[in-house]
Amino acid sequence: MTSPRLVLGLDVGGSKTHAVLSDGEHTVAEVLAGSANPASVGLEEAAKQLRSVFAQIGQTPIAAIVAGVAGADSPPAAQRFRELVAINRPGVPVEVVHDSELLLATAGLESGVAVISGTGSAAWARDERGGNARAGGWGYLLGDEGSGYWVTRMAMRHALERIDLGKPADHLSQQLAADCGLQGPEGLLDHFTLNPERRFWAARARVVFELAHDGDPAALAIVSGAADHLVFFITSAGGRLGITGPVVLAGGQLVHQPQLQRAVRERLEARGFNDIRVLDRDPVHGAVALALKLAA
């Protein structure tokens, strides 16, 4: 009996790496590891996490590998990651795409617009002719508006601006400081300088959403701004291809923060985007789907 051909899908985000080995019908192995994204953790740590993934998968023959990597949309970045993978599985066909490209494939769509808001953010669109366009995804230093990191950064700026203006700390400033284990917002800048790790600060976005749920005006303004940016990404990517859907909402923040999701939906519907879906499967399954095409 001939053994089924197996492919490997990798979803490499800023916080974690999710790997699935599959024959297209069944998951043969599934691995979660730390981020193997060189842009987030550096080449040495990325290589270490990939070695861990492949060690857990074992020496099972693999027909093709597709990796969706946050920020790896330039040819040099994609080539660097391809080389990291090849060290572990030389000779296996490898395709590296931006992680936003996994979303439509995960949703079983050939065309549409997908937006991700997690640690980072970006939108990617594909039309029926195979044309594609992207908006956002420029990284936390230059962009990632509407992401978890951006939400916390705006809360930090709000707290620091109040200090500049000589105003007392408001509820958002106090709660953000408390969530960092600080006595007050005056310690936030030093805390950030000593601990600039992106995932830590993206996780603090939870404070903003909790306060927005309770009606805090500063938190509500930040959530509104996040929704505006994400909708801009969607309309920009889709508009360049002349498509208005389907729209797939994805990423831990956009999927699990109902207030943000609702705000994005309302803005999209006002602009004529009516087919809006929330991703209900892990994006790594889109990498598996693309790997099956690569192996065909």
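These numbers come from the heavy atoms of this one structure, side chains and all, not from hydrogens, waters or symmetry mates. Since the structure is predicted, the reported quantities are computational estimates derived from the model, not experimental observations.
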Original post:
Measuring from K16:NZ to T119:OG1, what's the distance to the nearest 0.5 Å?
Top reply: 8.0 Å
Original post:
Same cluster or not: are W124 and F233 linked, directly or through other Ile, Leu, Val, Met, Phe, Trp or Tyr residues, by side-chain heavy atoms under 4.5 angstrom apart?
Top reply: no
Original post:
How many angstroms lie between CD1 in I222 and CG in D216, if you round to the nearest 0.5 Å?
Top reply: 8.5 Å
**OP:** Indicate yes or no: does K48 engage E44 in a salt bridge with an N to O separation below 4.0 Å.
**Re:** no
Original post:
Any chance the rings of H256 and F209 have centres within less than 6.0 Å?
Top reply: no
**OP:** Give the cluster check for V115 versus L260: same hydrophobic cluster or not, with ILVMFWY residues linked at side-chain heavy-atom distances below 4.5 Å.
**Re:** yes
Original post:
Between E110 and K293, is there a side-chain N and carboxylate O pair less than 4.0 Å apart?
Top reply: yes
**OP:** Test the R153-Y149 pair against the cation-pi criterion, namely NZ or CZ under 6.0 angstrom from the six-membered ring centroid and within 45° of the ring axis.
**Re:** no
**OP:** On the 0 to 90° scale, with breaks at 30° and 60°, tag the F192-W201 ring pair as parallel, tilted or perpendicular.
**Re:** tilted
Original post:
G24 and L292: which non-hydrogen atoms are nearest, and at how many Å?
Top reply: CA-CD1, 3.6 Å
Original post:
How far does CZ of R198 sit from OG of S35, to the nearest 0.5 angstrom?
Top reply: 7.5 Å
Original post:
Any luck finding a side-chain donor-acceptor pair between T193 and D190 under 3.5 Å?
Top reply: no
Original post:
salt bridge (Lys or Arg N to Asp or Glu O under 4.0 Å) between D164 and R162: does it pass, once the steps are laid out?
Top reply: CA-CA 5 Å; D164 283 345; R162 290 188 69 86; over 6 Å; no
Subject >> Q79-R82 side chain donor-acceptor pair, cut-off 3.5 Å >> reply: yes
Subject >> For F273 against T244, the heavy-atom pair lying closest together >> reply: CD2-O, 3.1 Å
Original post:
Which atom names give the shortest non-hydrogen contact between G286 and T106, and what distance separates them?
Top reply: N-OG1, 2.9 Å
Original post:
Taking all non-hydrogen atoms of both residues, which atom of I243 and which atom of G112 are closest, and how far apart?
Top reply: CD1-O, 3.6 Å
Original post:
In terms of side-chain heavy atoms, does T17 have a donor or acceptor partner in Q49 at a distance below 3.5 Å?
Top reply: no
Subject >> Nearest-0.5 Å distance, CG of residue L188 to NE2 of residue H158 >> reply: 11.0 Å
Subject >> Rounded distance [0.5 Å steps], CG in L103 versus CG in L279 >> reply: 6.0 Å
Original post:
Is it true that V223 and I276 fall in one hydrophobic cluster, defined by side-chain heavy atoms closer than 4.5 Å?
Top reply: yes
Subject >> From CD (E128) to OG (S111), nearest 0.5 Å >> reply: 4.5 Å
**OP:** Give a yes-or-no answer on whether the side chains of H171 and D214 include a donor-acceptor pair shorter than 3.5 Å.
**Re:** no
